[in-house]
Amino acid sequence: MIYKTDYHMHSSFSDGRSVPEDYIAPALAAGLKEIGFSEHLTLFRELEHWNMDPANVFSYINHLENIRKSTNHLKIRTGLEVDFIEGKENEIRDFLAPLALDYVIGSVHYLGEKTVDFGPEFYEGKNIDNLFESYFNLVCKAVASGLFDIIGHCDLIRIYGYRPSFDPEPLYRKLAGIMKKHDVAFEVNTNGRNKPLADFYPDRRFLNIFHEENVPVCINSDAHMPARVGQYFDEAYDLLRYTGFTEMAVFEKRVRKMVPF
Ligand SMILES: [Zn+2]
Ligand SMILES: [Zn+2]
């Protein structure tokens with residue numbers, strides 16, 4: 001029996017369709033042992049419809065605490081998916097410090113003032129090679145900031161299927177090396193399958209690099225509705241096993257443990 005977790009899920013506290021309670025039955029049906037919510041939280045940008053209002057963060061944490069007490073056979077973890085905003089590292093650290101979280105996913109959605117995942121028009125007329133370089137640079141800075149336990153969809157820049165003209169392998173090598181150095185986990189994010197890309201993040205051709213560097217891994221659905229909890233996980237586990245991974249990262253109170261699978 002594989003010890004399955006899903007730490008990247010969005011409820012109606014940010015841009016998910018349902019309240020957290022609605023994710024429990026599908027999680028049990030999918031054979032998960034732990035789920036964690038990771039609502040979008042973006043500081044130092046205008047509050048967008050997909051974000052949780054930072055003022056609600058304590059009611060979110062309390063809400064999950066109450067569900068945790070009344071849920072059997074499934075551990076409920078409290079996380080956030082926080083945007084990395086370069087130059088605001090100290091302020092983000094100060095915001096997160098007093099919060100009772102099990103983990104923080106750090107994600108790069110913003111490249112400049114715009115997000116890379118809210119429509120293919122972001123890419124039109126831009127130099128795709130430069131976008132890939134800039135995106136990976138920013139993800140490396142997010143890793144090195146020490147703010148995060150897990151990096152979300154580390155190559156989200158692939159979302160609309162644009163590819164660089166060069167072989168991106170060195171970008172993945174550099175990223176994996178920095179993740180190892182700073183002891184940050186990556187996720188196989190299965191939600192890329194529901195996007196124009198139609199594949200997981202990160203690019204499966206480079207999973208072996210994360211394995212060679214011994215970077216801890218999680219498998220996450222990035223579900224925005226209960227029906228997608230644990231989606232495509234059997235395939236993702238097979239992929240990791242085939243690559244040589246034997247352990248998953250689990251988190252409690254921002255401490256990581258490795259569990260064999
Ligand atoms: Zn995200
Ligand atoms: Zn997400």
Side-chain angles (χ1 to χ4, degrees), residues 5-20 22-23 26-27 32 34-45 47-54 56-57 60 64 77-86 92 96 101-112 114-120 122 131 135-136 138-139 141-143 145 147-160 175 179 184-197 199-203 217-233 236 251:
T5 62
D6 188 349
Y7 284 154
H8 192 153
M9 307 195 315
H10 300 275
S11 77
S12 46
F13 274 97
S14 61
D15 61 343
R17 302 241 182 111
S18 296
V19 294
D22 292 347
Y23 290 72
L32 303 183
E34 300 186 18
I35 56 171
F37 293 88
S38 57
E39 307 301 346
H40 286 290
L41 187 110
T42 312
L43 303 171
F44 308 104
R45 288 285 187 276
L47 187 62
E48 301 279 355
H49 64 90
W50 45 276
N51 266 314
M52 178 164 69
D53 185 331
N56 292 339
V57 73
Y60 162 64
L64 294 184
R77 302 291 186 202
T78 306
L80 287 172
E81 182 181 12
V82 176
D83 270 276
F84 177 66
I85 306 291
E86 193 179 7
I92 295 172
L96 296 174
L101 300 169
D102 290 309
Y103 58 86
V104 178
I105 299 177
S107 290
V108 174
H109 301 104
Y110 285 90
L111 208 47
K114 293 257 163 53
T115 55
V116 302
D117 58 339
F118 262 80
F122 175 85
L131 288 183
Y135 189 83
F136 274 80
L138 213 47
V139 176
K141 286 179 182 171
V143 174
S145 73
L147 290 169
F148 308 120
D149 305 297
I150 305 167
I151 290 295
H153 43 59
C154 71
D155 55 359
L156 181 67
I157 195 75
R158 291 165 59 238
I159 184 168
Y160 296 107
L175 174 60
M179 294 186 90
V184 174
F186 79 107
E187 62 170 13
V188 171
N189 182 313
T190 60
N191 195 32
R193 275 287 274 279
N194 302 313
K195 305 291 182 184
L197 168 70
D199 199 5
F200 300 158
Y201 311 101
D203 190 328
V217 65
C218 302
I219 295 177
N220 291 330
S221 69
D222 207 347
H224 286 66
M225 61 184 90
R228 289 187 175 172
V229 175
Q231 194 182 29
Y232 308 124
F233 272 27
F251 292 88

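For ligands, and for the atoms within them, numbers begin at 1 and follow the listed sequence. Nothing here was measured: the structure is a model prediction, and the numbers come from that model.
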Going by distance alone, is a donor N or O of one side chain under 3.5 Å from an acceptor N or O of the other, for Glu39 and Asn56?
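Result is no, nothing qualifies.
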Apply salt bridge (Lys or Arg N to Asp or Glu O under 4.0 Å) to Asp222 and list each qualifying residue two or more places apart in sequence or on a separate chain.
none
Verify, without hydrogens or angle tests, whether Asn189 (side chain) and Tyr201 (backbone) share a donor-acceptor contact under 3.5 angstrom.
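Answer holds: no.
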Evaluate whether atom CZ of Arg45 has more than 12 neighbouring non-hydrogen atoms of other residues, nucleotides or ligands under 6.0 angstrom away.
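Above 12, so yes.
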Looking at Leu64, Leu96, Val57, which one forms a side chain to side chain contact (heavy atoms under 4.5 Å, CB included) with Leu101?
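Answer after filtering Leu64, Leu96, Val57: Leu96.
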Could you pull out the N/O/S protein atoms under 2.8 Å of the Zn ion (ligand 2), ignoring any water?
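Per the 2.8 Å query on the Zn ion (ligand 2), atoms found are His8 NE2, His10 NE2, Glu81 OE1, Asp222 OD1.
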Examine His49 together with His40 and report whether their ring centres are nearer than 6.0 Å.
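No, the ring of His49 stays outside the 6.0 Å limit from the ring of His40, centre to centre.
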